[in-house]
*Asks:* 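Below is the structure I would like to discuss, written out as structure tokens.
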Amino acid sequence: MIKAILKRMRSGDDGTFGTLLLRDGARELTLYTAELPWRDNAVGKSCIPPGVYRAEMSPSPRFGRELYELAGVPGRTEVLIHNGNWAGDKSKGKLSQVKGCILVGMAHGIVKGQRAVTQSRTALAALHKFTGGAPIELDVLG
């Protein structure tokens with residue numbers, strides 16, 4: 001099982017931003033993340049609570065391919081790691097491409113005037129190549 005740490009660094013109406021560090025023996029991969037702002041774990045409106053989760057590849061009908069899905073998230077299902085740029089609070093007029101999932105990117109940046117992750121498809125491909133589809137133990141901090 002591959003170990004990973006998602007360290008959240010800042011959160012606001014544009015989203016919750018952090019880094020994802022994956023380790024497999026001596027190999028490491030660092031990606032950047034975007035999630036919804038913390039809204040008391042409200043389904044479809046909030047990032048997930050801190051904790052340790054198991055992520056396994058699972059077919060996603062919405063995306064038409066296999067993606068990592070987190071298990072054991074309190075009160076939540078279908079929490080995926082996928083590509084996209086924005087994770088803002090839609091009720092505050094922000095752009096968002098998530099309903100509680102984790103977006104990965106190669107960097108944080110500004111896209112269409114809003115904080116986001118960039119080069120997300122490249123990051124997702126790098127994640128899948130690094131893991132080879134093996135399960136991930138994801139420790140979400142902060």
Side-chain angles (χ1 to χ4, degrees), residues 1-24 27-142:
M1 181 174 300
I2 294 173
K3 304 282 187 182
I5 297 171
L6 192 163
K7 183 177 179 185
R8 294 172 173 157
M9 299 181 297
R10 72 181 272 187
S11 187
D13 292 340
D14 280 357
T16 299
F17 298 91
T19 58
L20 177 64
L21 173 63
L22 295 108
R23 286 195 178 115
D24 184 26
R27 298 183 319 129
E28 288 188 357
L29 174 67
T30 300
L31 300 171
Y32 296 83
T33 61
E35 304 169 81
L36 291 170
W38 176 250
R39 301 292 187 254
D40 298 318
N41 199 32
V43 175
K45 298 176 195 266
S46 179
C47 60
I48 63 173
V52 179
Y53 304 101
R54 183 179 175 97
E56 293 188 3
M57 293 295 279
S58 178
S60 168
R62 178 178 172 214
F63 290 94
R65 60 186 164 156
E66 285 198 341
L67 294 168
Y68 277 103
E69 181 174 1
L70 277 65
V73 180
R76 306 283 278 283
T77 60
E78 299 178 35
V79 177
L80 304 174
I81 300 174
H82 65 85
N83 62 289
N85 298 109
W86 303 283
D89 186 333
K90 284 187 170 182
S91 72
K92 307 270 180 153
K94 300 294 183 174
L95 298 169
S96 185
Q97 295 171 305
V98 291
K99 296 180 180 179
C101 298
I102 300 168
L103 300 177
V104 290
M106 298 304 290
H108 291 130
I110 304 295
V111 179
K112 294 188 179 178
Q114 182 177 314
R115 191 159 172 78
V117 289
T118 61
Q119 298 176 300
S120 189
R121 288 187 182 128
T122 301
L124 187 63
L127 170 67
H128 289 183
K129 182 178 180 183
F130 182 87
T131 63
I136 298 171
E137 181 181 273
L138 177 62
D139 190 358
V140 178
L141 307 175

*Asks:* Evaluate the side-chain proximity of L70 to I81: yes if any heavy-atom separation is below 4.5 Å, no if none is.
*Replies:*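 Of all side-chain heavy-atom pairs linking L70 with I81, at least one is under 4.5 Å.
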*Asks:* Any side-chain heavy atom of T19 sitting closer than 4.5 Å to one from L31?
*Replies:*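 They are not in side-chain contact.
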*Asks:* Give the minimum heavy-atom separation between L36 and G88, together with the two atoms involved.
*Replies:*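 Answer, listing the atom of L36 first, then G88: CD2-O, 3.5 Å.
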*Asks:* May I ask you to check if R115 and F17 form a cation-pi contact, with NZ or CZ under 6.0 angstrom from the six-membered ring centre and within 45° of the axis?
*Replies:*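 Verdict for F17: a cation-pi partner in R115.
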*Asks:* Under 3.5 Å, is there a donor on one side chain and an acceptor on the other for T131 and Y68?
*Replies:*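 Yes.
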*Asks:* What I'd like to find out is whether the side chain of L67 reaches to under 4.5 Å of the side chain of L124, using heavy atoms alone.
*Replies:*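 In short, these two side chains touch, coming nearer than 4.5 Å.
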*Asks:* So which heavy atom on N41 is nearest to which on C47, and how close?
*Replies:*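 Heavy-atom minimum between the residues: OD1-O, 3.9 Å.
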*Asks:* Taking the side chain as every heavy atom from C-beta outward, state whether R8 and P50 have any atom pair closer than 4.5 Å.
*Replies:*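 Result yes, sub-4.5 Å side-chain heavy-atom pair found.
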*Asks:* Indicate whether the side chain of E35 and that of T16 have a donor and an acceptor atom separated by less than 3.5 Å.
*Replies:*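 No.
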*Asks:* If we only count heavy atoms from C-beta on, is the E69 to E56 side-chain gap below 4.5 Å?
*Replies:*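 No, their side chains stay 4.5 Å or more apart.
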*Asks:* Where is the tightest heavy-atom contact between A4 and L20, given as atom of each residue plus distance?
*Replies:*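 That closest heavy-atom pairing would be CB-CD1, 4.1 Å.
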*Asks:* Is it true that K45 and D89 have a side-chain N and a carboxylate O under 4.0 angstrom from each other?
*Replies:*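 No salt bridge links K45 with D89.
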*Asks:* Check whether any side-chain heavy atom of R54 lies under 4.5 Å from a side-chain heavy atom of P135, and answer yes or no.
*Replies:*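 The answer is yes, as the side chains (C-beta and beyond) meet within the 4.5 Å cut-off.
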*Asks:* Taking everything shown except Y53 itself, do over 12 heavy atoms lie less than 6.0 Å from its OH?
*Replies:*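 Atom OH in Y53 is packed in, count exceeds 12.
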*Asks:* Does Q97 use its side chain to pair, donor to acceptor, with the backbone of N85 at less than 3.5 Å?
*Replies:*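 Yes; judged by distance alone, with no hydrogens or angles, the pair exists.
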*Asks:* Check A126 against L29 and note the closest heavy-atom contact, atom names and distance.
*Replies:*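 Between these two residues, the closest heavy atoms are O-CD2, 3.7 Å.
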*Asks:* Could you tell me if the side chain of L6 sits less than 4.5 Å from the side chain of D139, heavy atoms only?
*Replies:*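 No, side chains not in contact.
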*Asks:* Please check if the side chain of W38 supplies one atom and the backbone of I48 the other of a donor-acceptor pair under 3.5 Å.
*Replies:*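 No.
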*Asks:* For S46 and R39, work out which heavy atoms get closest and say how close.
*Replies:*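 Minimum heavy-atom contact is OG-N, 2.9 Å.
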*Asks:* Please find the pair of heavy atoms, one from S120 and one from N83, that lie closest to each other, and give the distance.
*Replies:*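 Between these two residues, the closest heavy atoms are OG-CA, 3.0 Å.
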*Asks:* Check whether Q114 reaches the backbone of L95 with its side chain - one donor and one acceptor, N or O, closer than 3.5 Å.
*Replies:*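 Judged by distance alone, yes, a pair lies under 3.5 Å.
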*Asks:* Do F130 and E28 make a side-chain contact, defined as non-hydrogen atoms from C-beta onward lying under 4.5 Å apart?
*Replies:*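 F130 vs E28: side chains apart.
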*Asks:* Once rounded to the nearest 0.5 Å, what's the spacing between atom CD of E66 and atom CE of M57?
*Replies:*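 Output value for this atom pair is 5.0 Å.
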*Asks:* Looking at D13 and K94, is there a salt bridge between them, counting it only when a charged N and a carboxylate O are closer than 4.0 Å?
*Replies:*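 Salt bridge: no.
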*Asks:* Distance check, rounded to the nearest 0.5 Å: D14 atom CG versus K92 atom NZ?
*Replies:*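 That separation rounds to 11.5 Å.
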*Asks:* Is it true that a side-chain atom of T33 and a backbone atom of G18 form a donor plus acceptor pair closer than 3.5 Å?
*Replies:*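 Looks like yes, one N/O pair under 3.5 Å.
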*Asks:* Say you draw a straight line from CD1 of I2 to CD1 of I136; how long is it, rounded to the nearest 0.5 Å?
*Replies:*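 Nearest 0.5 Å value for the CD1-CD1 distance: 6.0 Å.
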*Asks:* Once rounded to the nearest 0.5 Å, what's the spacing between atom CZ of R65 and atom NE2 of H82?
*Replies:*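 The distance works out to 9.5 Å.
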*Asks:* Against I102, only a single residue in L80, L138, V117 fulfils side-chain contact (heavy atoms from CB on, under 4.5 Å); can you say which?
*Replies:*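 Of the listed options, the one satisfying the test is L138.
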